[in-house]
Amino acid sequence: MPEAPTPPLTPDRFHAPSARPSPDPRVDYSPSVSDQVKTTTCYMCACRCGIRVHLKDGRIRYIEGNPDHPVNKGVLCGKGSAGIMTHYAPARLRAPLKRVGPRGSGEFAEITWEEALETATSWLRHVRETDPRQLAFFTGRDQSQSLTGFWAAQFGTPNFAAHGGFCSVNMAAGGLYSIGGSFWEFGEPDWDRTKYLLMFGVAEDHDSNPIKLGLSKLKARGAKFLSVNPVRTGYSAIADEWVGLRPGTDGLFVLALVHELLKADRIDLEFLARYTNAPWLVVRNPGGADDGLFARDEAGKPLAWDRARGAIPAETADLSPVMAGEVTLPDGRIAYPAFHLLAERYLGAEYAPEAVAERCGIEAGRIRRIAAEIAEVAFDQAITLEQSWTDVWGREHATITGRPVAFHAMRGISAHSNGFHTCRALHLLQMLIGAVDTPGSWRYKAPFPRPIPPGPGPAGRGARPNTPLAGNLLSFPHGPDDLLVEEDGTPLRIDHAFSWEAPLGLHGMMHTVIGNAGKADPYPIDTLFMFMANMAWNSAMNPGEVTRILTEQREDGEYRIPHVIYSDAYFSETVPYADLILPDTTYLERWDCISILDRPIGSAHGAGDAIRQPVVQPDRDVRPFQDVLIELGARLGLPAFVREDGSPRFKDYPDYMVNHQRMPGVGPLAGFRGADGSKVGVGEPNPDQLQRYIENGCFWRDHIRPEQEWLKHANRAYLEDAKAKGFIGKSDQIVLQLYSEPLQKFRLAAEGHGAKQPPEHLRERVRRYCDPLPIWYAPLEQQGQDLAPFPFSAVTQRPMAMYHSWGSMNAWLRQIHGANKLMMARSRAEAMGLAQDDWVWVESRSGRLKCQVALMEGVNPDTVWTWNAIGKRAGAWGLAPDSPEAQRGFLLNHVISEWLPAQMAEGRDLRLANADPVTGQAAWYDLRVSITKAAPGEEGITSPHPETLEPPPHMPGSPDILRYSVKTPA
Amino acid sequence: MTCLPAPGAKKLGLVIDLDTCVGCQACATNCKEWNTSGHSAPLPDFKPYAAGQEGVWFNRVHSFEAGEGEAGRTVHFPRSCLHCETPDCVTVCPTGASYKRAEDGIVLVNHDTCIGCGLCAWACPYGAREMDDDQGVMKKCTLCIDRIYNENIPEAQRQPACVLTCPTKARHFGDLGDPDSAVSRLVAERGGQPLMPELGYNPVNRYLPPRKKALPPNAPVEDAPTPMDIRNPLLRWMDRVLSR
Amino acid sequence: MNPAPSIVFFTTASGAGYGLLFWLGLLRPLGLVPGSQGFGLTALGLALVLITAGLLSSTAHLGNPQRAWRAVSQWRSSWLSREGVAALGTYVPAVLFGLGLLADLPGLTAAMGLLAAAGAVATVYCTGMIYASLKPIKEWRHPLVVPGYLLLGAFSGAALLAMLGGFWGDGAVPAVLALLAGIAALVVKNAYWGAIDQAPPVATAESATSLGFIGKVRPLEPPHTETNYLLREMGFRIARKHAEKLRLLALAAGFGAPAALCAFALLVGGGMGAAALTLGAVLALGGLLVERWLMFAEATHTVTLYYHGS
Ligand SMILES: Nc1nc2c(c(=O)[nH]1)N[C@H]1C(S)=C(S)[C@@H](COP(=O)(O)OP(=O)(O)OC[C@H]3O[C@@H](n4cnc5c(=O)[nH]c(N)nc54)[C@H](O)[C@@H]3O)O[C@H]1N2
Ligand SMILES: Nc1nc2c(c(=O)[nH]1)N[C@H]1C(S)=C(S)[C@@H](COP(=O)(O)OP(=O)(O)OC[C@H]3O[C@@H](n4cnc5c(=O)[nH]c(N)nc54)[C@H](O)[C@@H]3O)O[C@H]1N2
Ligand code: SF4
Ligand code: SF4
Ligand code: SF4
Ligand code: SF4
Ligand code: SF4
Ligand SMILES: [Mo]
């Protein structure tokens with residue numbers, strides 16, 4: 001099924017060649033735009049749109065969307081269109097820096113790269129030779145995790161992750177453990193066909209432009225778009241229906257929809273039987289070690305109950321499964337189809353609309369109506385395409401039927417401590433109505449789907465001096481045996497990911513690293529190495545505490561964390577807290593790899609990846625971080641980064657992009673492989689690969705055949721092709737997991753079974769939250785405290801025109817968002833005697849801040865919100881200290897605690913992260929606050945207002961007037 | 001000449017769909033990016049890295065809330081020159097710097113003759129004129145006159161920057177004087193609105209109103225399900241014969 | 001609207017200057033003011049100084065004052081251009097009037113005086129029309145704006161002429177005129193203020209956004225968090241209670257008191273009278289400054305609907 005063509009750019013041609021405008025001396029109709037145009041990939045956010053950069057006299061004239069690019073098809077967002085100002089910002093760092101004053105003072109001296117690299121090497125070499133675990137290498141908004149993760153494993157430390165643990169690991173884990181793909185940027189609604197899109201908790205997402213392009217298609221077709229979100233802005237503003245529920249209650253809402261669909265028998269039982277583990281038999285043996293596990297044959301294959309043949313492997317082609325009722329296995333054990341357990345649970349009265357309405361803030365009748373609408377569209381408006389395809393059992397089908405109901409969800413779900421289960425509940429709903437990778441439903445973006453769970457468990461055990469760790473540091477536990485814990489349950493990783501505190505901590509837990517390092521829990525850290533993460537400000541929960549720990553000294557006068565190395569491109573709030581700064585280039589100055597091994601740019605129509613090429617040369621002493629990392633790898637002698645003779649294996653990052661092979665024939669880029677560039681996915685390195693990418697607009701995309709497009713998890717042609725291209729190891733059916741056995745394995749351990757046991761204080765927690773079927777519970781943060789004093793939920797949203805903290809140095813974007821206010825319902829504010837722009841104190845159990853309020857209609861009355869990361873620390877980002885970002889801007893983070901309240905109350909030295917108990921995802925949006933009017937005289941400046949930061953040496957001054965133009969001399 | 005030309009056949013302008021605009025600001029920043037090196041270059045920014053930052057923009061995106069409760073709506077609202085058919089911004093200009101083009105209706109400022117008196121900005125009800133306090137001249141949306149006719153730009157791209165970049169395709173460009181053009185048809189179909197028609201400026205640009213949302217009535221609330229209700233479906237499924 | 005000092009000064013000073021020129025040009029040929037050359041030249045000189053200072057000050061408001069000459073080109077459509085033409089044109093009879101005075105050529109003086117008076121009326125009329133023709137500003141687009149400009153010019157001009165007349169021993173006629181004009185100004189301004197307080201808006205947030213069919217329209221977020229040209233220029237808004245006070249001040253001290261002082265001068269005459277007329281003229285100019293400032297400060301522009309809603 002070829003992709004629907006992009007709508008023509010222009011609806012009508014008013015300018016036929018005959019209708020050239022008459023000459024007008026005042027107008028130059030046809031100025032030359034540029035003397036050079038280069039394609040590359042935008043990096044004003046993680047969406048990775050293709051851009052065409054026009055250059056004139058060596059300066060950037062114009063950045064426009066690349067019309068041929070699969071991600072953005074020619075459009076650019078508000079940030080991408082302001083790239084010029086990001087590139088030329090005076091806040092850019094100039095040269096490597098070493099700290100010369102106390103940490104946090106911001107006193108730095110510029111040094112040479114040689115000194116910088118030698119300093120880093122000497123610190124790192126010492127750590128590697130003694131205890132490699134004492135390097136914590138954590139990266140933020142970066143897209144080179146396949147390199148950084150590989151480097152960390154080569155170094156031999158388990159303590160690596162990118163920022164996903166505080167970002168959206170709930171979505172990744174929820175999806176990958178349920179359907180082998182996920183929302184986030186790894187799946188997409190079938191924008192061309194869906195008739196009903198339900199979007200949960202999305203303000204912007206990583207698929208920024210694709211979502212916008214998609215919504216416009218929906219609008220043009222008149223499809224229904226429903227947004228579930230406590231706030232009615234952005235996408236929710238254009239939704240046909242806005243459901244302004246209370247934060248943290250989506251799981252209940254979704255399970256009530258499930259309840260309704262089950263009750264009305266409006267589910268796709270055939271889909272469940274064919275494509276999910278609904279018919280798999282689950283042993284019922286309360287108290288037994290096999291309770292809740294799948295019944296399997298000797299070969300370990302899960303069993304189902306066939307009407308004619310009894311218990312046979314569930315994969316059998318002509319299975320006629322029993323979906324409900326008790327069965328007795330040949331060995332005498334009792335079992336139920338997974339579907340039975342599921343139906344039993346969700347038909348329970350606690351999931352009835354009336355039971356959840358009050359809590360969710362959604363009327364029961366409305367829940368019923370929405371359930372009925374979903375059923376109506378899924379079943380009565382199903383679409384059938386004349387498209388033949390072959391299933392995994394080798395049977396040909398002449399058509400494909402779709403359930404045109406699509407779902408999309410992001411951090412409104414994931415940034416809660418119940419987000420993993422809520423995400424699973426959403427996938428459960430999709431599976432129940434058969435809306436996975438069918439026409440009109442949510443679709444996998446290749447290289448997804450992947451086996452559930454994919455690959456072996458995480459590496460990280462047995463760290464030894466000078467020894468690489470084999471395997472992936474961030475991978476997928478299948479059960480307790482895969483956890484990274486000591487015998488007594490103590491975490492092996494500094495962030496406690498993959499421990500009993502967060503068994504599926506797939507993306508690590510960057511939000512706990514500094515806090516744990518401060519407490520030497522489980523051991524101290526010698527060097528904290530960070531890249532592109534503003535950990536002393538907006539990516540920290542409680543930045544005040546983070547900066548306190550970063551400057552904390554031991555009795556011997558040494559810092560608690562003796563060495564901090566940081567790579568940033570700008571003078572962010574984190575720079576002053578590092579000992580060594582490795583200044584990076586901008587996105588227009590470097591090679592980058594949007595790798596198939598990492599976060600590729602695939603679509604439902606085929607996999608894809610992309611590169612960045614330098615379009616301008618740096619005018620200062622900065623170097624691409626990836627080059628630096630590769631050179632550090634060589635200096636340290638990490639095996640994969642040196643040849644046998646000890647000389648560097650890779651000249652630089654582009655060399656690595658082309659020549660590194662993770663497995664034979666598999667490298668960072670999947671396109672144009674093989675000596676002649678003809679191979680896809682697997683093939684020997686192609687010396688011309690980068691040139692081929694450049695010729696192709698700096699991206700590569702695969703085009704799967706129409707018969708491979710649908711039901712990829714059970715589509716033989718697709719699965720075989722994906723295996724051949726190296727995306728998956730086997731071409732077996734990927735059976736969607738309604739019921740999650742890995743979770744049940746953790747639960748069984750908590751019930752006392754097996755060798756690996758959770759420590760006592762976590763036993764009940766693991767038992768409760770590792771439920772094999774989705775559950776809902778009140779967010780953890782809210783369980784352990786008296787909520788009465790904190791009547792409001794407080795959340796943030798991403799502004800579409802600002803990317804976290806890194807837009808405030810952009811002269812254009814900071815005019816749009818120079819300060820932020822706390823937005824609240826007009827009715828509530830007026831009842832409290834608050835007026836627009838009043839100054840208020842916002843208090844949570846862990847702190848308070850002062851800001852201004854703004855009143856609005858479209859917000860859940862029990863919720864307040866603000867734009868994320870607009871508030872800045874005075875002095876940072878090249879801004880004058882009295883800039884509105886520091887005077888009237890504020891960070892909600894100051895009142896978010898990184899630890900849960902219950903553990904503090906226990907009075908022990910036991911801190912559990914304010915996070916999802918399954919995945920460790922930071923629970924930013926569980927926050928509860930009170931609001932009180934500030935006293936007279938307290939207006940005018942937000943609080944807290946940490947000390948003004950001093951800029952590093954030789955930063956350029958800022959102009960009073962910026963007259964950027966390539967028409968005027970520089 | 002600031003007398004208005006006789007109305008021409010061609011009326012180039014924009015049609016902005018308030019039902020799909022998500023307020024992403026792309027049209028605003030892309031406009032700035034194109035135009036700061038374009039016909040009206042530069043579009044300066046004052047105190048760009050200090051308090052009181054402000055600059056010259058030809059397009060600014062507001063957001064409004066209209067109505068209350070279930071019937072209410074949030075609407076993002078880009079605002080730029082509407083290239084009015086009978087705009088006083090042209091006729092008040094004492095120098096002739098402000099002019100409306102007879103052949104396509106575009107309203108422009110000649111920066112070589114503008115004295116920066118600001119009267120046209122007073123005369124524009126829509127706030128579409130932006131004073132460049134650095135050069136002392138008035139600037140405004142040019143409808144990207146250096147793109148739409150530019151022979152150095154591929155034909156498909158000869159459109160205003162804001163239109164090309166809009167990620168939700170909420171912006172459309174064309175000849176509103178031609179009743180058969182796509183934009184005119186869109187206006188006819190969707191009931192495109194002029195802004196402040198009572199002032200008589202006859203804006204060429206049109207705004208497509210947010211579609212009215214008719215939500216179906218909610219299903220009546222039922223009693224809590226009885227134990228029978230819970231059991232029955234399971235029994236139903238037990239007997240369902242399925243085959244792969 | 002932002003009361004830019006240069007513009008406030010301009011309309012006050014040149015308004016008074018044209019008023020003075022008008023009365024001088026009109027009354028001198030009729031012999032209703034002191035006939036001495038000194039008086040004529042002084043009055044004319046003062047008028048031209050005020051006019052010229054005002055005009056020069058108005059160019060301070062321009063982004064490119066060196067191009068100000070271009071402003072006379074569009075007299076066919078632009079009231080500002082017409083004002084420029086009229087202002088420049090009025091210099092011709094005014095200068096010839098002066099020459100007539102110098103050379104003591106009564107015929108020329110009379111003819112040129114009347115022409116200059118006509119030019120003064122035309123110029124002030126154009127000034128008024130600049131404001132009165134601005135549709136987005138309801139406080140300006142009002143039928144009493146042009147009469148107000150004419151009347152206030154006449155009033156301040158008469159007050160100045162009366163003052164000069166007082167110095168030359170006979171300010172009676174202009175004093176009577178100033179008295180009448182002051183009362184008229186009081187009435188007209190009062191009526192104007194009452195009217196603009198009642199005047200319906202020229203547009204609403206609903207019509208400005210076309211969203212009225214949904215319901216009441218309220219701004220949620222502005223396009224930029226700091227200020228901009230439009231807001232600085234058009235967003236200026238004076239608080240109601242301050243406006244009330246200033247209106248009273250203008251009426252009482254600016255129009256009422258000078259009128260009363262004129263009446264007093266007419267009664268007492270002589271040195272006391274001259275002093276009273278001088279005080280009256282000064283008060284009139286001060287009152288005018290206040291009135292002109294209010295004229296801007298109270299004016300609301302439709303663009304603010306986008307930022308502040310109704
Ligand atoms: N209250 C609240 N807090 C949140 C969130 C929330 O929703 N609410 N969201 C959380 C989430 S999901 C995330 S992902 C984090 C994001 O938070 P961070 O990961 O801290 O992201 P940024 O602030 O965008 O940028 C990180 C740093 O990257 C630097 N940088 C920019 N470009 C480059 C470059 O080219 N090279 C290098 N080396 N550095 C560069 C910037 O200068 C900045 O200092 O915030 C988290 N914090
Ligand atoms: N412009 C821009 N784009 C970005 C980023 C950026 O900073 N700026 N950041 C990037 C990053 S790192 C990430 S992780 C993604 C995140 O992309 P999003 O997931 O879109 O991120 P958020 O802004 O956190 O949006 C969360 C939304 O959920 C709503 N919400 C909060 N609590 C709940 C709840 O309990 N239920 C429901 N249903 N909704 C809720 C909020 O109102 C908000 O609209 O965006 C990426 N894209
Ligand atoms: S969404 Fe915007 S900022 Fe992000 S990559 Fe695309 S154009 Fe760049
Ligand atoms: S929108 Fe304003 S500037 Fe544009 S033509 Fe109309 S009146 Fe003139
Ligand atoms: S500012 Fe320039 S364009 Fe506007 S009225 Fe004055 S001279 Fe004309
Ligand atoms: S048409 Fe051109 S100048 Fe006008 S708003 Fe759009 S991009 Fe800006
Ligand atoms: S680019 Fe499009 S969606 Fe974005 S603000 Fe402008 S009109 Fe709205
Ligand atoms: Mo994120």
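Letters A, B, ... mirror the listed sequences (proteins, then strands); counts begin at 1.
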Please rank [options] by heavy-atom pairs under 4.5 Å with chain A and give me the top one.
{"options": "B:Asp104, B:Ile153, B:Thr165", "result": "B:Thr165"}
{"options": "B:Thr20, B:Leu108, B:Leu43, B:Thr142", "result": "B:Thr20"}
{"options": "B:His111, B:Arg211, B:Glu68, B:Glu54", "result": "B:Glu54"}

Atom group of [X] that falls short of 4.5 Å from chain A, counting heavy atoms:
{"X": "B:Asn110", "value": "side chain"}
{"X": "B:Pro210", "value": "neither"}
{"X": "B:Ala28", "value": "neither"}
{"X": "B:Asp112", "value": "neither"}
{"X": "B:Cys166", "value": "backbone"}
{"X": "B:His39", "value": "both"}
{"X": "B:Leu186", "value": "neither"}
{"X": "B:Ala161", "value": "both"}

message: Please determine whether side-chain contact (heavy atoms from CB on, under 4.5 Å) holds for the pair A:Leu272 and B:Trp237, giving the CA-CA distance in whole Å, both sets of side-chain angles, and the decisive distance to 0.1 Å.
response: CA-CA 12 Å; A:Leu272 292 173; B:Trp237 292 318; over 6 Å; no

task: Report the residues that fulfil side chain to side chain donor-acceptor pair (under 3.5 Å) with B:Arg147, sequence neighbours left out, ordered by chain and then residue number.
output: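 Here no residue qualifies.
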
Flag the one option from [options] with the top tally of heavy-atom pairs under 4.5 Å to chain B.
{"options": "A:Thr316, A:Leu218, A:Asp28, A:Asn810", "value": "A:Thr316"}
{"options": "A:Asp391, A:Ile370, A:Asp24", "value": "A:Asp24"}
{"options": "A:Val322, A:Asn72, A:Leu262, A:Ile267", "value": "A:Leu262"}
{"options": "A:Ala880, A:Gly818, A:Gly365", "value": "A:Gly365"}
{"options": "A:His54, A:Arg826, A:Arg395", "value": "A:Arg395"}
{"options": "A:Gly65, A:Gly83, A:Ala317", "value": "A:Ala317"}

Are side-chain heavy atoms of [X] and [Y] found at a separation under 4.5 Å?
{"X": "B:Lys169", "Y": "A:Lys217", "answer": "no"}
{"X": "A:Arg963", "Y": "B:Gln135", "answer": "no"}
{"X": "B:Pro48", "Y": "A:Ser958", "answer": "no"}
{"X": "B:Asp146", "Y": "A:Tyr29", "answer": "no"}
{"X": "A:Arg307", "Y": "B:Ser243", "answer": "no"}
{"X": "A:Ile961", "Y": "B:Asp45", "answer": "no"}
{"X": "A:Lys56", "Y": "B:Ser37", "answer": "no"}
{"X": "A:Ile238", "Y": "B:Leu18", "answer": "no"}

Side chain / backbone / both / neither for [X] at chain B, heavy atoms under 4.5 Å:
{"X": "A:Phe339", "result": "side chain"}
{"X": "A:Ala372", "result": "neither"}
{"X": "A:Ala371", "result": "neither"}
{"X": "A:Pro353", "result": "neither"}
{"X": "A:Trp242", "result": "neither"}
{"X": "A:Gln887", "result": "neither"}
{"X": "A:Ile60", "result": "neither"}

- prompt: Does the pair B:Arg244/A:Asp306 count as a salt bridge with the N-to-O cut at 4.0 Å?
  reply: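 A:Asp306 and B:Arg244: not salt-bridged.
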
message: Do the side chains of B:Lys47 and A:Asp960 get close enough for a salt bridge, i.e. N-O under 4.0 angstrom?
response: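 No salt bridge links B:Lys47 with A:Asp960.
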
From [X] atom [atom1] to [Y] atom [atom2], the distance as rounded to the nearest 0.5 Å:
{"X": "A:Leu215", "Y": "B:Thr168", "atom1": "CG", "atom2": "OG1", "answer": "8.5 Å"}
{"X": "B:Thr74", "Y": "A:Tyr235", "atom1": "OG1", "atom2": "OH", "answer": "15.0 Å"}
{"X": "B:Cys27", "Y": "A:Leu76", "atom1": "SG", "atom2": "CG", "answer": "12.5 Å"}
{"X": "B:Leu234", "Y": "A:Met323", "atom1": "CG", "atom2": "CE", "answer": "11.5 Å"}
{"X": "B:Glu65", "Y": "A:Arg232", "atom1": "CD", "atom2": "CZ", "answer": "5.0 Å"}
{"X": "B:Lys32", "Y": "A:Ile84", "atom1": "NZ", "atom2": "CD1", "answer": "11.0 Å"}

- prompt: After noting the C-alpha distance and the side-chain angles of A:Arg61 and B:Glu33, does the key distance pass the side-chain contact (heavy atoms from CB on, under 4.5 Å) rule?
  reply: CA-CA 8 Å; A:Arg61 161 66 180 90; B:Glu33 186 198 19; over 6 Å; no

Closest heavy-atom pair and its distance - [X], [Y]:
{"X": "B:Ala51", "Y": "A:Pro884", "answer": "CA-CD, 3.7 Å"}
{"X": "B:Ala219", "Y": "A:Arg369", "answer": "N-CB, 3.8 Å"}
{"X": "B:Cys24", "Y": "A:Lys212", "answer": "CB-CE, 3.6 Å"}
{"X": "B:Gln53", "Y": "A:Gln815", "answer": "CG-CG, 3.9 Å"}
{"X": "B:Arg101", "Y": "A:Pro21", "answer": "NH2-CB, 4.0 Å"}
{"X": "A:Met809", "Y": "B:Tyr49", "answer": "O-CE2, 3.3 Å"}

Can a side-chain donor-acceptor contact be found between [Y] and [X] if the only test is distance below 3.5 angstrom?
{"X": "B:Asn218", "Y": "A:Arg366", "value": "no"}
{"X": "A:Tyr62", "Y": "B:Asn30", "value": "yes"}
{"X": "A:Ser22", "Y": "B:Glu103", "value": "yes"}

message: According to salt bridge (charged side-chain N to carboxylate O under 4.0 Å, His left out), who are the partners of A:Arg274, at least two apart in sequence or on a separate chain?
response: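 For A:Arg274 there are no salt bridge (charged side-chain N to carboxylate O under 4.0 Å, His left out) partners, ignoring immediate neighbours.
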
field: Listed partners of A:Lys224 passing salt bridge (charged side-chain N to carboxylate O under 4.0 Å, His left out), at least two apart
entry: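 Once residues adjacent in sequence are excluded, the partners of A:Lys224 under the salt bridge (charged side-chain N to carboxylate O under 4.0 Å, His left out) criterion are A:Glu241, A:Glu373.
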
- request: Could you please state which residues from residues 55-64 of chain B sit under 4.5 angstrom from chain A, measuring non-hydrogen atom to non-hydrogen atom, sorted by number, or 'none'?
  value: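 Those residues of residues 55-64 of chain B which have a heavy atom under 4.5 Å from chain A are B:Gly55, B:Trp57.
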
message: Given 3.5 Å as the limit, does a donor-acceptor pair link the side chain of A:Ser30 with the main chain of B:Glu151, or not?
response: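 Pair found, side chain donor or acceptor close to backbone of B:Glu151.
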
